[in-house]
Visitor: 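Pasting a structure here, questions to come.
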Amino acid sequence: MSDLFSKFDDLIALREGLLSTGVTDPFNLVMEKVESPTVAICNGKRTILLGTYNYMGMTFDPDVVAAGKKALDEFGSGTTGSRVLNGTYVGHRAVEDALKDFYAMDHAMVFSTGYQANLGIISTIAGKDDYIILDIDSHASIYDGCAMGNAQVVPFRHNDIEALEKRLKRVPEGAGKLVVLEGVYSMLGDIAPLKEMIAVSKANGAMVLVDEAHSMGFIGEHGRGVAEAQGVIDDVDFIIGTFSKSVGTVGGFCVSNHPKFEILRLVCRPYVFTASLPPSVVATAATSIRKLMDSKAKRDHLWENSKRLHAGLRQLGFKLGTDEPQSAIIAVIMPDLETGAAMWEALLKEGLYVNLARPPATPAGMTLLRCSLCAEHSGEQVEEILGMFAAAGRATGCI
Ligand SMILES: Cc1ncc(COP(=O)(O)O)c(C=O)c1O
C-alpha cells in the first residue's frame, strides 16, 4: 500500500527541523483570554495583538455584542440548514440589506465565509470556454474558485498593468472574460492600481471582480475599499468581502449591480450546499457594518497608526514590504524561516503577537512577520510595539 501521506514528508521534516531548535511552534499558539481587540493573554502573559484582521476593532463593540446576544436568545444557536431551504432568517436578509446600503449596490449575497464567497462566485460565473485572468499573488480562495470551475485560468505578474493587457488581448475572440483583482494584497500590504487595471479590463470587454477583504471599513471615503478610493467602484462588476476582518465576526459576501445577480442563489454550489450562518453571527455582522458606515474618526486613527508603525520600523532598520504605508498591514521581511521564527518568538516573549507567514502563502518564497494594525491600538501601544521590535530585533541579530 502506498502511503498517501508521503507527499507531506518534506513539510513534516521542515517543521520538525524548526521545532528541534527549541523554538515555540509559531503555528500553534493558544489565546487563553482575549481582553479587547488589542490585548490577549498568551502563555499567561499580557500580549498586544498585532496579527489579527480586526482592523476596525469591532469585536468588543458593545452594540455588536448586544445584537449577537439578543439574536442568540431569540433565534437559537444555529439555523441547521441551507439558505435556500430553512436557513434564511430575517437576520440574513437584514445583513444583506446592510451590505447593499454600505456599498450602495443593488444586490448582496452572504456566504458562510469569504473563502466560500470566492469559491462560489468565481466557479459559478466563469464556466467552460470562459477565461479568468488573475493577479499571480491572488489569495488561495481565488485560486481554489478557479480550480473548482471549468474556465481557462491565466495569471499575470503582480500589479503589472501591461501584463494584464497582454493576457487580455490573447483571449480568443468572443470568449467570456473575468478579471480577478484584490484591493489590498494581504501578504505585503500593498494595494492594486485598480483604476488602470479596471480601465484596461473594460477596454478589452472583461467583467471585473475585486476582492476587498482587507480594505473594507478602512480604505475609501465610505470604507468601501480601494476601488472607491481610486474612484472606480462603479466599474466593478463584483466585490467580494468578508466579515472576518473589519466586520469582526465570520462570513463572506458578494455585492453587485448585475441585473441577473439573484439567479446565483440557485446555481452557486458553495451557497446552496452548506448551512447558513448562525443568527447571532448575522446580527453582529449587520450591526457592525452599519456602524462602519459612520467611522471616519476610527479610519483616520488607523491611518495614523499605520504611518507611525511603518516609519518607526523603518527607522529601526527593518526591511518592509512597501516603501510607504498603503494599508493597515505592514510586512517585515525576514531573511529566512529560522530567523523569522526566532524573531517571532522573541516578540512573543516581549508581549507582542504578530503573524509569521511563509510560502506558499507569501510571494517569492519570502518569510514575513506580518503586522496588522487596529483602530483600537492607542498611540502609546504603537510606541510600546516599536520598543518591543527594537528589543527583539537586537536579541536575534535582525537589526
Ligand atoms: C484576500 C482574501 N480573500 C478572502 C479571504 C477569506 O476570508 P474568510 O476568512 O472570510 O474565509 C481572505 C482571508 O484571509 C483573504 O485574505
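For ligands, and for the atoms within them, numbers begin at 1 and follow the listed sequence. Keep in mind that this is a model prediction, so the values were computed, not measured.
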Visitor: Could you list the atoms of ligand 1 found under 4.0 angstrom from a heavy atom of H214?
Guide: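 Listed by number with element, the hits are 1 (C), 15 (C), 16 (O).
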
Visitor: Mark up the atoms of ligand 1 that fall under 4.0 Å of a heavy atom belonging to G251, in ascending order.
Guide: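 So the atoms of ligand 1 that pass are 10 (O).
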
Visitor: Counting both backbone and side chain atoms, is some N or O of G114 under 3.5 Å from an N or O of ligand 1?
Guide: yes

Visitor: List every atom of ligand 1 that sits less than 4.0 Å from any heavy atom of T242, numbering the atoms from 1 in the order shown and giving each element.
Guide: 7 (O), 8 (P), 10 (O)

Visitor: Considering only non-hydrogen protein atoms, determine which one is nearest to atom 6 (C) of ligand 1 and report residue, atom name and distance to 0.1 Å.
Guide: Y115 N, 3.4 Å

Visitor: Would you say CZ of F27 has more than 12 non-hydrogen atoms from neighbouring residues, nucleotides or ligands within 6.0 angstrom?
Guide: yes

Visitor: Would the distance check show the side chain of Q381 and the main-chain N or O of I48 forming a donor-acceptor pair, the cut-off being under 3.5 Å?
Guide: no

Visitor: What residue and atom, counting heavy atoms only, is the protein's closest point to atom 5 (C) of ligand 1, and at what distance?
Guide: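 Ranked first by proximity to atom 5 (C) of ligand 1 is H139 CE1, 3.5 Å.
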
Visitor: Could you tell me whether D97 and R93 have a side-chain N and a carboxylate O separated by less than 4.0 Å?
Guide: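 No, no charged N to carboxylate O under 4.0 Å.
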
Visitor: May I ask you to check if ligand 1 and E182 share an N or O to N or O distance below 3.5 Å?
Guide: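 By distance alone, the answer is no.
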
Visitor: May I ask you to list the atoms of ligand 1 that are less than 4.0 angstrom from any heavy atom of S244?
Guide: 8 (P), 9 (O), 10 (O)

Visitor: Indicate yes or no: does an N/O atom of Y53 lie under 3.5 Å from an N/O atom of ligand 1?
Guide: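 No; the residue has no nitrogen or oxygen that sits under 3.5 Å from a nitrogen or oxygen of the ligand.
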
Visitor: List in chain and number order the residues that pass side chain to side chain contact (heavy atoms under 4.5 Å, CB included) with S215, two or more places apart in sequence or in another chain; answer none if no residue qualifies.
Guide: V184, E212, I219, V226

Visitor: Can you tell me the protein heavy atom closest to atom 2 (C) of ligand 1 and the distance?
Guide: D211 OD2, 3.4 Å

Visitor: Which ligand 1 atoms are under 4.0 Å away from a heavy-atom of T113?
Guide: 10 (O), 11 (O)

Visitor: Verify, without hydrogens or angle tests, whether H258 (side chain) and H107 (backbone) share a donor-acceptor contact under 3.5 angstrom.
Guide: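 Answer holds: no.
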
Visitor: When you check the gap from the basic side-chain N to the acidic O, do K70 and E74 get nearer than 4.0 Å?
Guide: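 Result for this pair is yes, salt bridge flagged.
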
Visitor: Output the list of atoms in ligand 1 that are nearer than 4.0 Å to some heavy atom of S141, sorted by atom number.
Guide: 3 (N), 4 (C)

Visitor: For a quick test of reading the model, state the closest non-hydrogen atom pair linking G87 to S276 and the distance between them.
Guide: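 Minimum heavy-atom contact is O-OG, 2.7 Å.
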
Visitor: Among protein heavy atoms, which lies nearest atom 13 (C) of ligand 1, and at what distance?
Guide: K245 NZ, 2.9 Å

Visitor: Quick one: side chain to side chain contact (heavy atoms under 4.5 Å, CB included) partners of T52, sequence neighbours excluded?
Guide: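 T52: side chain to side chain contact (heavy atoms under 4.5 Å, CB included) contacts with L49, N54.
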
Visitor: Can you tell whether the side chains of E324 and K307 come within less than 4.0 Å, N to carboxylate O?
Guide: no

